[in-house]
There are 2 protein chains.
Amino acid sequence: MPGLLGEYDLRVTARARAASLRPAVTLADVAREAGVDQSTVSRVLRDDHRARATDETRARIRETADRLGYVPNASARSLAVRKTSTIGLLIPNVSGVIYADVIKGAADAASALGYVLVVADGSELGRANDAVRKLVLEGRVDGLLLASGTLTDQVTDDLLGSTGNVVVLNRQIAGKVPQVIEDDEYGMYLGTRELVDAGHRRIACLAGPPDVDTSRRRVKGYKRAMREAGLTVTAGLVVHHDFDEASGYAGMLALLGQQPQPTAVAAASLAAAVGAMAAARDQGIVIPDDLSMVAFHDAPLANYLCPPLTTIAMPLEELGRQAMQMLHRRLVGEPGPAAVTVSDPSPIVVRRRSVGPPPG
Amino acid sequence: MPGLLGEYDLRVTARARAASLRPAVTLADVAREAGVDQSTVSRVLRDDHRARATDETRARIRETADRLGYVPNASARSLAVRKTSTIGLLIPNVSGVIYADVIKGAADAASALGYVLVVADGSELGRANDAVRKLVLEGRVDGLLLASGTLTDQVTDDLLGSTGNVVVLNRQIAGKVPQVIEDDEYGMYLGTRELVDAGHRRIACLAGPPDVDTSRRRVKGYKRAMREAGLTVTAGLVVHHDFDEASGYAGMLALLGQQPQPTAVAAASLAAAVGAMAAARDQGIVIPDDLSMVAFHDAPLANYLCPPLTTIAMPLEELGRQAMQMLHRRLVGEPGPAAVTVSDPSPIVVRRRSVGPPPG
DNA sequence: CTGTTAGCGCCTTCAG
DNA sequence: CTGAAGGCGCTAACAG
């Protein structure tokens, strides 16, 4: 076995580079060595259709390139063709369990379309700002996928203008910013319905920050389910916090402080739900006996919680894939819709053991 | 407030770009507009020391550049100076909770040193291979940080040769590959000692894959603690699985199937520990009453588990930072050590509620 | 202090 | 079918 990662050509090339610290082998080198012109080499190596060079010539060129360990230089090519064939994915917190799927979807699509995908961490505003400037404006990438569910409207709004090389993931934004969204409203509707179907009437919503679009849409879905069931959402039943464990913990405490206590809660994020479960536990409340819970978004982790958490799984991978495809379309000038909502697969609730009938 | 993300200049530039789909404004444009030569513009905009241009000239150039919304083109610059000032970070699974810290450390150091950091997902071998080729070999990045704790020795070995632009994070590799490692052995030693200090004698180890270096070092630490305590590690006491929840679950089941059952387990990864806790629960075993547990690596999640998990926190952020610094040193040709182990902060056990005295 | 002159490595007409 | 020539946008000597 020739090594899992390194295929043959890769290793050879690396060695060639390492051995001689020279500026790497260039097109001219190959041309000289093969006794042809640079442009010819360029053409055959790129399979340029107008280069039906003699089979003999092509073979010789290919062989020489291989032997010398030629690898095209991305900067030079980019400069010449005015594009980099790399696209960036900006994510608020790269290590959020939720993002694994969108990264995978985007990466798959990217590689299928001939791009290389790089992801940038946008957890801090400063860093996000920097990333955008360094990546898009300076032309390190041809386009940007913005998965900043947590940035406020103001931000993206300012940033985007009507640039055609950015597509926004799962944020509904006024104006003509290209965007692909999922039906968060429906997802949360489904999750909440799971709770009303189990017989709950006093159902709370553990929401995200009030000014974040995704949070708003999820709350909307929650409210629709409540309304449809003839349930009223009284003040205090929806509490706004952040999308992390600590916030979920605090939010749950707030919810539990009310009279009468809710018998079920729909959490707008998985991390918050984890925190919420811990809070409940600390208050001596057992799930699902005393309290039922569903969380928005699914991940392996949910299956190992105590108890295993019923979640609503969103088509995150498809989101990433379609965003990438839309970006590509725009980059090559195909028109296409300015916004699509991914509905296949549609949101689905993954039933585990965190919801039961209301107590008593 | 002018928008959180978009500072003024950023927005203006974006607008200028978007408005006119022209090839963006170039150095020549600015020069013409300002009535000076291109090279002069280049110099003042870069603060070239040899360009103590008239204050008046400098001001005019700056103003013109701003007004036109000039942004240097990264490809052109890279081609000219033969470096990109961007470096890549290759991670097996970008969304692992554990990696947040190393990304942060690396990103901080990168930006302090004037680099932009991009991370690439190396979860699949194919993708990792591709990333290396596209990023390093084609010169999209000046160097690579390899945080592929899960790739086998063979891989990295083949890949690296003695190239100077790669540094490996936390893998001990023979040969002269630049590397920064943490003291996983000591960390695991500490975690295991926590267990022996609590009075346990039959302590199991939930290890990672046997051929992965980090796993081996952790097992070594576990064994040392056992030996020092005069405890023998009998067959079956260390079980090898993977670093994820499902593996942890399976591994725990295997451990629990033994006679006599271990009274404590040291897990080599946080994710595996999560799975293991679930397995214990499913078997009616309560932690810490019936079984104690510690896990390698810390993350917010650990605090919200049931019960909150005692972990051993490693200096992950520092690992990322130092790796980046070492890479930089190598890139600029400073000698420096070929391998450093980060020992500050040193591993520390974060005591929560998952360890108690042995039952009975 | 500032302008001139060459490239960096590759692609792309345009001739031959 | 292939070679010659020019240019992508920027930097870096070298003159003036």
Side-chain angles (χ1 to χ4, degrees), chain A residues 17 22-62 64-65 68-86 134 137-140 142, chain B residues 13 17 22-62 64-65 68-86 114 134 137-140 142:
Chain A
R17 278 252 170 141
R22 272 171 301 147
V25 13
T26 165
L27 219 41
D29 297 333
V30 180
R32 193 178 325 112
E33 185 80 7
V36 294
D37 187 89
Q38 223 187 82
S39 54
T40 306
V41 179
S42 171
R43 282 186 288 238
V44 329
L45 256 31
R46 262 178 313 120
D47 285 315
D48 193 313
H49 27 283
R50 289 159 302 189
R52 307 221 51 72
T54 316
D55 279 354
E56 196 275 322
T57 309
R58 298 163 61 90
R60 181 157 37 93
I61 290 178
R62 289 242 160 74
T64 320
L68 264 40
Y70 169 75
V71 178
N73 175 298
S75 297
R77 188 201 295 265
S78 298
L79 186 55
V81 302
R82 322 172 111 248
K83 62 190 180 92
T84 60
S85 292
T86 111
K134 294 299 194 49
L137 266 21
E138 295 186 359
R140 279 184 175 77
D142 293 339
Chain B
T13 307
R17 278 249 171 145
R22 273 170 301 146
V25 13
T26 165
L27 219 42
D29 297 333
V30 180
R32 193 178 326 112
E33 184 80 8
V36 295
D37 187 88
Q38 220 188 82
S39 56
T40 305
V41 179
S42 170
R43 282 185 288 238
V44 328
L45 257 30
R46 263 179 311 120
D47 285 316
D48 192 313
H49 27 283
R50 289 160 304 187
R52 308 222 50 73
T54 315
D55 280 353
E56 196 275 323
T57 309
R58 298 163 63 91
R60 182 158 37 91
I61 291 179
R62 290 240 159 74
T64 319
L68 264 39
Y70 169 76
V71 178
N73 176 298
S75 298
R77 189 200 296 263
S78 297
L79 185 56
V81 302
R82 325 175 108 250
K83 62 192 180 95
T84 59
S85 292
T86 111
K134 295 298 194 49
L137 264 21
E138 296 186 359
R140 279 185 175 76
D142 294 338

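Letters A, B, ... mirror the listed sequences (proteins, then strands); counts begin at 1. On a predicted model such as this, the values are computed, not experimentally measured, just so you know.
Between B:Arg140 atom CZ and C:dG9 atom P the separation is 17 Å, expressed in whole Å. In this structure, CZ of A:Arg32 is placed 11 Å from P of C:dG9, rounded to the nearest angstrom. If you take CD of A:Gln38 and C1' of C:dC11, they are 9 Å apart, rounded to a whole angstrom. When the P atom of C:dT12 is taken as reference, atom CG of A:Leu45 falls 14 Å away, rounded to whole Å. The separation between A:Asp47 atom CG and D:dC1 atom C1' is 16 Å, rounded to whole Å. We find that CG of B:Leu68 is positioned 15 Å from C1' of D:dG9, with the value rounded to whole Å. In this structure, NZ of A:Lys83 is placed 21 Å from P of C:dG9, rounded to the nearest angstrom. In this structure, the CG atom of A:Asp29 is 13 Å from the C1' atom of C:dC8, given to the nearest Å.
The same atom, P, is picked in C:dT2 and in D:dG9; the two are 25 Å apart, to the nearest Å. Comparing the C1' positions of D:dC8 and C:dG3 gives an interatomic distance of 22 Å, to the nearest angstrom.
Here D:dG3 is the nucleotide among C:dG3, C:dC10, D:dG3 with the atom lying nearest to any side-chain atom of A:Thr40. Among the nucleotides D:dT2, D:dA12, D:dG9, the one closest to the side chain of B:Ser39 is D:dA12. Of the candidates D:dT11, C:dT2, C:dC11, the closest approach to any side-chain atom of B:Ser42 belongs to D:dT11. Taking the side chain of A:Arg82 as heavy atoms from C-beta on, and the options D:dG3, C:dC8, D:dC8, the nearest nucleotide is D:dC8. Across D:dC14, C:dG9, D:dT11, the shortest atom-to-atom separation from the side chain of A:Thr26 is found for C:dG9. Minimum atom distance to the side chain of A:Arg43 is reached by C:dT13, of the listed C:dC10, C:dT13, D:dC10. When each of C:dT4, D:dA12, C:dC10 is scored by its nearest atom to the side-chain atoms of A:Arg77, the top-ranked nucleotide is C:dC10. Side-chain atoms of A:Asn73 lie closest to C:dC10 of the nucleotides D:dG9, C:dC10, C:dC11.
For DNA chain D, if you chain together Watson-Crick or G-U pairs that step i with j, i+1 with j-1 and so on, the runs of at least three with distances under 3.5 Å are C:1-4 with D:13-16, C:6-16 with D:1-11.
In terms of the side-chain contact (heavy atoms from CB on, under 4.5 Å) criterion, A:Ala59 has no residue partners (sequence neighbours excluded). Residues passing the side-chain hydrogen bond (donor to acceptor under 3.5 Å, both in side chains) test with B:Thr84, sequence neighbours excluded: B:Asp142.
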* Asked: Going through the distances and angles, do A:Leu45 and A:Tyr70 end up as a side-chain contact (heavy atoms from CB on, under 4.5 Å)?
  -> CA-CA 10 Å; A:Leu45 256 31; A:Tyr70 169 75; 3.8 Å; yes

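Between B:Val30 and B:Glu33, the closest side-chain pair of non-hydrogen atoms is not below 4.5 Å. No side-chain heavy atom of A:Arg77 sits less than 4.5 Å from a side-chain heavy atom of A:Arg82. For the pair A:Arg58/A:Thr40, no side-chain contact is recorded, criterion being any heavy-atom separation below 4.5 Å from C-beta on. Residues A:Thr26 and A:Arg32 fail the side-chain proximity criterion, which asks for heavy atoms closer than 4.5 Å.
Taking 4.0 angstrom as the limit, B:Thr57 places none of its side-chain polar atoms (N or O) nearer than this to OP1 or OP2 of C:dC1.
Mapping A:Leu79 and B:Asp37 onto DNA chain D by nearest heavy atom places A:Leu79 at the nucleotide closer to the 5' end. When each of B:Val36 and B:Ala76 is assigned the nucleotide of DNA chain C with its nearest heavy atom, B:Val36 is the one assigned upstream, toward the 5' end.
With values rounded to the nearest 0.5 angstrom, A:Asn73 atom CG is found 10.0 Å from A:Leu79 atom CG.
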